[in-house]
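Quick note: numbers below take in every heavy atom, side chains included, and nothing from hydrogens, waters or symmetry partners. These figures come from a predicted structure and were not determined experimentally.
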Amino acid sequence: MTERLGYNVHQIYYDATVAFHMDAIVGLVKPGTIAIPEDALFEMPEYLKNNFDVIWTPRDEAAQNFGCNMVNVNDNTVILNSRAEKTIKLLKEKAGVNVEAIEYQIGADLGTGPWCSMCAIWRE
């Protein structure tokens with residue numbers, strides 16, 4: 001459907017026991033850097049291998065706290081659930097980004113994260 005609009009489409013096979021939504025599996029940290037939960041992908045797509053540095057994050061935080069469901073505000077700042085503490089530490093250490101940690105556990109318990117809630121507003 002989107003290829004007709006000029007987009008390149010890449011299939012990613014992932015473990016739905018971590019999350020049902022792709023935006024909770026692959027988080028854009030900053031241009032050229034993504035976060036993916038450990039062992040969440042059944043195979044790493046060539047497109048991701050060739051175009052991004054990957055920060056592997058704790059699988060349990062992705063599943064319980066939507067740790068990869070983040071909003072990148074700019075090249076240096078992301079918004080993330082404050083309960084994803086190990087993920088926050090990894091993003092700061094490995095990507096050098098600022099993390100605006102917000103209380104979002106009720107949303108995570110319901111199966112949503114900051115990106116799910118904010119992406120429509122951000123596009124405006």
Side-chain angles (χ1 to χ4, degrees):
M1 180 171 78
T2 59
E3 284 178 321
R4 294 181 309 183
L5 300 172
Y7 291 95
N8 292 321
V9 177
H10 305 275
Q11 290 184 330
I12 299 178
Y13 298 99
Y14 60 93
D15 186 345
T17 63
V18 177
F20 288 117
H21 305 152
M22 180 56 61
D23 57 7
I25 297 291
V26 178
L28 180 60
V29 179
K30 64 182 185 180
T33 303
I34 56 177
I36 301 175
E38 295 166 346
D39 300 320
L41 301 182
F42 293 126
E43 82 180 72
M44 178 64 104
E46 288 298 318
Y47 178 78
L48 296 182
K49 279 186 206 176
N50 296 334
N51 293 289
F52 295 93
D53 293 324
V54 178
I55 298 173
W56 297 101
T57 64
R59 180 185 175 98
D60 63 328
E61 284 192 350
Q64 297 165 7
N65 311 111
F66 268 52
C68 285
N69 190 284
M70 62 190 75
V71 176
N72 57 322
V73 177
N74 57 42
D75 292 356
N76 193 44
T77 305
V78 296
I79 298 171
L80 188 61
N81 182 2
S82 62
R83 302 279 180 100
E85 296 170 357
K86 295 174 197 164
T87 300
I88 290 168
K89 184 177 178 186
L90 284 168
L91 297 181
K92 288 179 177 181
E93 290 174 359
K94 295 188 180 231
V97 295
N98 299 317
V99 178
E100 293 293 332
I102 61 172
E103 177 51 49
Y104 209 89
Q105 194 57 41
I106 292 172
D109 291 344
L110 294 171
T112 185
W115 175 257
C116 301
S117 299
M118 295 178 199
C119 70
I121 296 169
W122 187 249
R123 290 181 188 148
E124 303 267 333

Legend entry - Distance-minimising heavy-atom pair for F52 and I34: CD2-CG2, 3.7 Å

Legend entry - Same apolar cluster: V54 and Y47, side chain cutoff 4.5 Å: yes

Inset, instruction - Please collect all salt bridge (charged side-chain N to carboxylate O under 4.0 Å, His left out) contacts where either partner lies in residues 63-81, sequence neighbours excluded, each pair once. - result: none

Inset, instruction - Over all heavy atoms of both residues, which pair between G113 and F66 is shortest? Give the atoms and the distance, please. - result: N-CD2, 3.7 Å

Legend entry - Atom of C116, atom of D23 and distance for their closest heavy-atom approach: SG-OD2, 3.6 Å

Inset, instruction - Would you please name every residue forming a salt bridge (Lys or Arg N to Asp or Glu O under 4.0 Å) with D60, sequence neighbours left out? - result: none

Show which side-chain atoms of residues 3-13 pair as donor or acceptor with protein atoms under 3.5 Å away, not counting sequence neighbours.
from, atom 1, to, atom 2, distance (Å)
Q11, OE1, Y13, OH, 2.7

Inset, instruction - Can you sort out the partners of E93 under side chain to side chain donor-acceptor pair (under 3.5 Å), two or more places apart, ordered by chain and number? - result: none

Inset, instruction - Say whether, by atom type as modelled, one donor and one acceptor occur between the side chain of N65 and the main chain of G67 under 3.5 angstrom. - result: no

Legend entry - Spacing of CH2 belonging to W56 relative to CD1 belonging to I36, to within rounding of 0.5 Å: 4.5 Å

Legend entry - Partner residues of E43 under the salt bridge (Lys or Arg N to Asp or Glu O under 4.0 Å) criterion, sequence neighbours left out: none

Legend entry - Test side chain to side chain donor-acceptor pair (under 3.5 Å) applied to T2 - qualifying residues, sequence neighbours left out: none

Legend entry - Donor-acceptor pair, side chain of N74 and main chain of T77, under 3.5 angstrom: yes

Inset, instruction - Under the side chain to side chain contact (heavy atoms under 4.5 Å, CB included) rule, what do T57 and K86 come out as? Steps first, then yes or no, please. - result: CA-CA 8 Å; T57 64; K86 295 174 197 164; over 6 Å; no

Inset, instruction - Kindly give the heavy-atom pair with the smallest separation between A62 and P37, and that separation in Å. - result: CB-CG, 3.3 Å

Inset, instruction - Measure the shortest side-chain to side-chain distance between R59 and T17 over non-hydrogen atoms and say whether it is less than 4.5 angstrom. - result: yes

Inset, instruction - Indicate yes or no: at least one non-hydrogen side-chain atom of I102 is less than 4.5 angstrom from one of I79. - result: yes

Inset, instruction - Any chance you could pull the hydrophobic cluster mates of I106, using side-chain heavy atoms under 4.5 angstrom and chaining through other members? - result: L110

Inset, instruction - Kindly write out the residues that satisfy salt bridge (Lys or Arg N to Asp or Glu O under 4.0 Å) with E46, not counting sequence neighbours, or none if the list is empty. - result: K49

Inset, instruction - Under the side chain to side chain donor-acceptor pair (under 3.5 Å) rule, collect the residues that match up with D109, sequence neighbours excluded. - result: Q105

Legend entry - Sequence-distant partners of T87, side chain to side chain donor-acceptor pair (under 3.5 Å), two or more places apart: E61

Legend entry - Qualifying salt bridge (charged side-chain N to carboxylate O under 4.0 Å, His left out) pairs, either residue in residues 97-107, two or more places apart: R83-E103

Legend entry - Connected-component partners of V99 among ILVMFWY, side-chain separation under 4.5 Å: V29, I55, M70, V78, L80, I88, L90, L91, V97

Inset, instruction - Report the C-alpha distance between V18 and I25 in whole Å, list the side-chain angles of each, state the deciding distance to 0.1 Å, and finish with yes or no for side chain to side chain contact (heavy atoms under 4.5 Å, CB included). - result: CA-CA 8 Å; V18 177; I25 297 291; 3.8 Å; yes

Legend entry - Hphob cluster co-occupancy, V71 + L28, side-chain heavy atoms under 4.5 angstrom: no

